[in-house]
Trainee: 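For reference, the structure I am asking about is given below.
Here the structure is a predicted model, which means the values were calculated and not measured.
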Amino acid sequence: MTSILVTGGTGTLGSRVSAKLREGGHEVRVLSRHSQAYAVDLRNGTGLDAAVEGVDAIVHCASAPRGGDDEAASRLLDAARRAEVPHLLYISIVGVDRLPLGYYVMKRKVERMIEEAGESGPGWTILRTTQFHDLVLRMLAGAARLPVMPLPSGVSVQPIHTDEVAERLAELAVTGPAGRVEDMGGPEIRPLPDLARAYLRARGRRRPLLPVRLAGKAYAGYRAGDHLTPERAVGKVTFEQFLTQRLG
């Protein structure tokens with residue numbers, strides 16, 4: 001049995017990773033601001049040294065789209081170095097090195113921090129995946145609140161099931177540092193209107209779809225498919241199957 005710390009362990013992905021690890025017989029420390037045993041806020045690092053002491057690996061799932069991931073990662077790396085943690089596993093996103101989107105730029109910065117920690121830091125593994133089904137569902141549900149459903153025109157996505165990513169992370173956490181491993185993508189690359197129609201059918205709703213052409217380099221990157229990994233379409237669960245599980 002190994003002892004593994006999961007940051008963001010109460011979140012959508014982190015909670016699933018924690019469950020998968022426990023199913024494998026491992027001791028799991030769930031770190032988040034709301035965790036009872038390890039209530040640590042990575043924004044200030046209070047209690048972090050005690051949380052990482054003696055663990056065999058850290059799975060870093062915590063993330064803040066509004067910013068601060070680099071500061072949190074710096075604190076986590078410093079604590080891991082002091083505790084001589086042998087392995088840090090980080091979940092990232094396909095396209096962070098290609099899309100000039102603020103959140104993606106920050107994720108890539110954290111990747112580099114982990115990579116550049118070198119011999120003084122923990123051994124590391126980085127896994128990039130495409131967008132989760134959950135994220136696509138939230139986006140479509142928000143758009144469907146309007147009488148007309150606006151969608152960025154010319155954009156396709158390759159959503160993947162969170163459970164499949166969690167299972168892969170649980171595997172990687174116990175196999176030791178592996179560097180940058182192969183990306184994970186969902187089973188299908190689908191235009192957004194296809195997914196919107198699937199969502200509306202599952203909800204029993206009708207909405208006209210309104211394609212919206214946006215400006216900027218990030219949108220151009222999405223249209224070009226810089227967030228996709230067609231050669232790594234390893235996921236099994238389709239968006240329709242996910243909707244059936246989630247919505248019935």
Trainee: Give a yes or no on whether the backbone of T229 and the side-chain of Q158 come within a donor-acceptor separation of less than 3.5 Å.
Mentor: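 At least one qualifying donor-acceptor pair exists.
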Trainee: Between E188 and T238, do the side chains contain a donor N or O and an acceptor N or O under 3.5 Å apart?
Mentor: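 Result is no, nothing qualifies.
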Trainee: Does L195 reach the side chain of V136, with side-chain heavy atoms less than 4.5 Å apart?
Mentor: yes
Trainee: Would you check if the side chain of R98 reaches a backbone N or O of D226 as a donor-acceptor pair within less than 3.5 Å?
Mentor: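 Present.
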Trainee: Evaluate side chain to side chain contact (heavy atoms under 4.5 Å, CB included) for Y90 paired with V110, printing each intermediate quantity in order.
Mentor: CA-CA 9 Å; Y90 181 57; V110 173; 3.4 Å; yes
Trainee: Check for a donor-acceptor pair, side chain of R207 on one end and backbone N or O of L146 on the other, with a separation under 3.5 Å.
Mentor: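 Judged by distance alone, yes, a pair lies under 3.5 Å.
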Trainee: Under a 3.5 Å cutoff, is there a donor and acceptor pairing between the side chains of S63 and Y103?
Mentor: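 Per modelled atom types, S63 and Y103 side chains form a pair under 3.5 Å.
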Trainee: Test salt bridge (Lys or Arg N to Asp or Glu O under 4.0 Å) on R180 and D183; report intermediate values, then the result.
Mentor: CA-CA 9 Å; R180 169 82 189 283; D183 297 343; 2.9 Å; yes
Trainee: Using the rule that two of Ile, Leu, Val, Met, Phe, Trp, Tyr join whenever any of their side-chain heavy atoms come within less than 4.5 Å, decide whether Y199 and L210 are in one cluster.
Mentor: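 Y199 and L210: one cluster.
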Trainee: So, do R223 and S153 sit near enough that their side-chain heavy atoms are less than 4.5 Å apart?
Mentor: yes
Trainee: Do V165 and V237 sit in one hydrophobic cluster, given that two such residues count as connected whenever their side-chain heavy atoms are within less than 4.5 Å of each other, even indirectly?
Mentor: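 No, V165 and V237 fall in different hydrophobic clusters.
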Trainee: Can you give me the closest heavy-atom contact between V40 and A51, atom names plus distance?
Mentor: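 Smallest heavy-atom distance, with atoms named: CG2-CB, 4.3 Å.
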Trainee: Does R168 reach the main-chain N or O of E164 with its side chain, forming a donor-acceptor pair under 3.5 Å?
Mentor: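 Not at all, since once roles are kept as given, no pair shorter than 3.5 Å links the two residues.
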Trainee: So how far is it from L192 CG to S156 OG, rounded to the nearest 0.5 Å?
Mentor: 7.0 Å
Trainee: Please evaluate residues H227 and T130 with respect to the criterion side chain to side chain contact (heavy atoms under 4.5 Å, CB included), reporting the C-alpha separation (whole Å), side-chain torsions for both, the decisive distance (0.1 Å), and the verdict.
Mentor: CA-CA 7 Å; H227 59 303; T130 52; over 6 Å; no
Trainee: Do L135 and L214 share a hydrophobic cluster, counting only Ile, Leu, Val, Met, Phe, Trp and Tyr and linking them when any side-chain heavy atoms are less than 4.5 Å apart?
Mentor: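 No.
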Trainee: Check whether any side-chain heavy atom of D56 sits under 4.5 Å from a side-chain heavy atom of H87, and report yes or no.
Mentor: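 They are not in contact (no side-chain heavy atoms under 4.5 Å apart), so the answer is no.
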Trainee: Checking side chain to side chain contact (heavy atoms under 4.5 Å, CB included) for the pair L42/L31: CA distance, chi angles, key distance, verdict?
Mentor: CA-CA 9 Å; L42 287 173; L31 184 150; 4.2 Å; yes
Trainee: Please test T129 against I91 for side chain to side chain contact (heavy atoms under 4.5 Å, CB included), starting from the C-alpha separation and ending with a verdict.
Mentor: CA-CA 8 Å; T129 75; I91 178 68; 3.7 Å; yes
Trainee: If you take all heavy atoms of L169 and L89, which pair is closest and at what distance?
Mentor: O-CD2, 3.3 Å
Trainee: Work out which heavy atom in P187 is nearest to a heavy atom in A233; give both atom names and the distance.
Mentor: O-CB, 4.1 Å
Trainee: Working to the nearest 0.5 Å, report the span between CD of Q131 and CG of L228.
Mentor: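 Spacing of CD (Q131) from CG (L228) equals 7.5 Å.
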Trainee: Is the shortest side-chain heavy-atom distance between I4 and V174 below 4.5 Å?
Mentor: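 Counting from C-beta outward, I4 and V174 do come under 4.5 Å.
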Trainee: With the 4.5 Å side-chain cut-off for hydrophobic clustering, are V155 and L209 part of the same group?
Mentor: yes
Trainee: So which atom in P122 and which in L88 form the shortest heavy-atom distance, rounded to 0.1 Å?
Mentor: CG-CB, 4.0 Å
Trainee: So how far is it from E171 CD to T125 OG1, rounded to the nearest 0.5 Å?
Mentor: 12.5 Å
Trainee: Consider only side-chain heavy atoms of I, L, V, M, F, W and Y, link residues closer than 4.5 Å, and tell whether I189 and L140 are in one cluster.
Mentor: no
Trainee: Locate the shortest heavy-atom distance separating V6 from G14; write the atom from each residue and the value.
Mentor: CG1-O, 3.8 Å
Trainee: Answer whether the closest heavy-atom distance between the side chains of E240 and D194 falls below 4.5 Å.
Mentor: no
Trainee: What distance do D69 atom CG and E111 atom CD have between them, rounded to the nearest 0.5 Å?
Mentor: 11.5 Å
Trainee: Do L76 and I58 have side chains that get closer than 4.5 Å, going by heavy atoms?
Mentor: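 Side-chain contact under 4.5 Å: yes.
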Trainee: Evaluate the side-chain proximity of H161 to F132: yes if any heavy-atom separation is below 4.5 Å, no if none is.
Mentor: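 The answer is no; the side chains never approach within 4.5 Å.
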Trainee: Among K109, R112, R75, find the one that has a side chain to side chain donor-acceptor pair (under 3.5 Å) with D70.
Mentor: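 It is K109, the one option of K109, R112, R75 that forms the side chain to side chain donor-acceptor pair (under 3.5 Å) with D70.
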Trainee: Can you tell me how far CG of D163 sits from CZ of F242, rounded to the nearest 0.5 angstrom?
Mentor: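 These two atoms lie 9.5 Å from each other.
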Trainee: Would F239 and H133 count as a close aromatic pair, with their ring centres under 6.0 Å?
Mentor: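 Yes.
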Trainee: Which heavy atom in Y104 sits nearest to a heavy atom in V94, and how many Å separate them?
Mentor: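 Looks like CE2-O, 3.7 Å.
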Trainee: Would you kindly say whether T162 and D134 are connected by a side-chain donor-acceptor distance under 3.5 Å?
Mentor: yes
Trainee: When you measure from the side chain of T7 to the backbone of A62, do you find a donor-acceptor pair of N or O atoms at a distance under 3.5 Å?
Mentor: yes
Trainee: Rounded at 0.5 Å granularity, tell me how far CG in L48 sits from OH in Y38.
Mentor: 12.0 Å
Trainee: Go through the side-chain N and O atoms of H26 and S3 and say whether any donor and acceptor fall under 3.5 Å apart.
Mentor: no
Trainee: Is R128 salt-bridged to E182, cutoff N-O under 4.0 Å?
Mentor: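 Salt bridge absent between R128 and E182.
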Trainee: Does a side-chain heavy-atom distance below 4.5 Å link V212 with L151?
Mentor: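 Side-chain contact under 4.5 Å: no.
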Trainee: Is E231 atom CD crowded by more than 12 heavy atoms from other residues, nucleotides or ligands, each under 6.0 Å away?
Mentor: yes
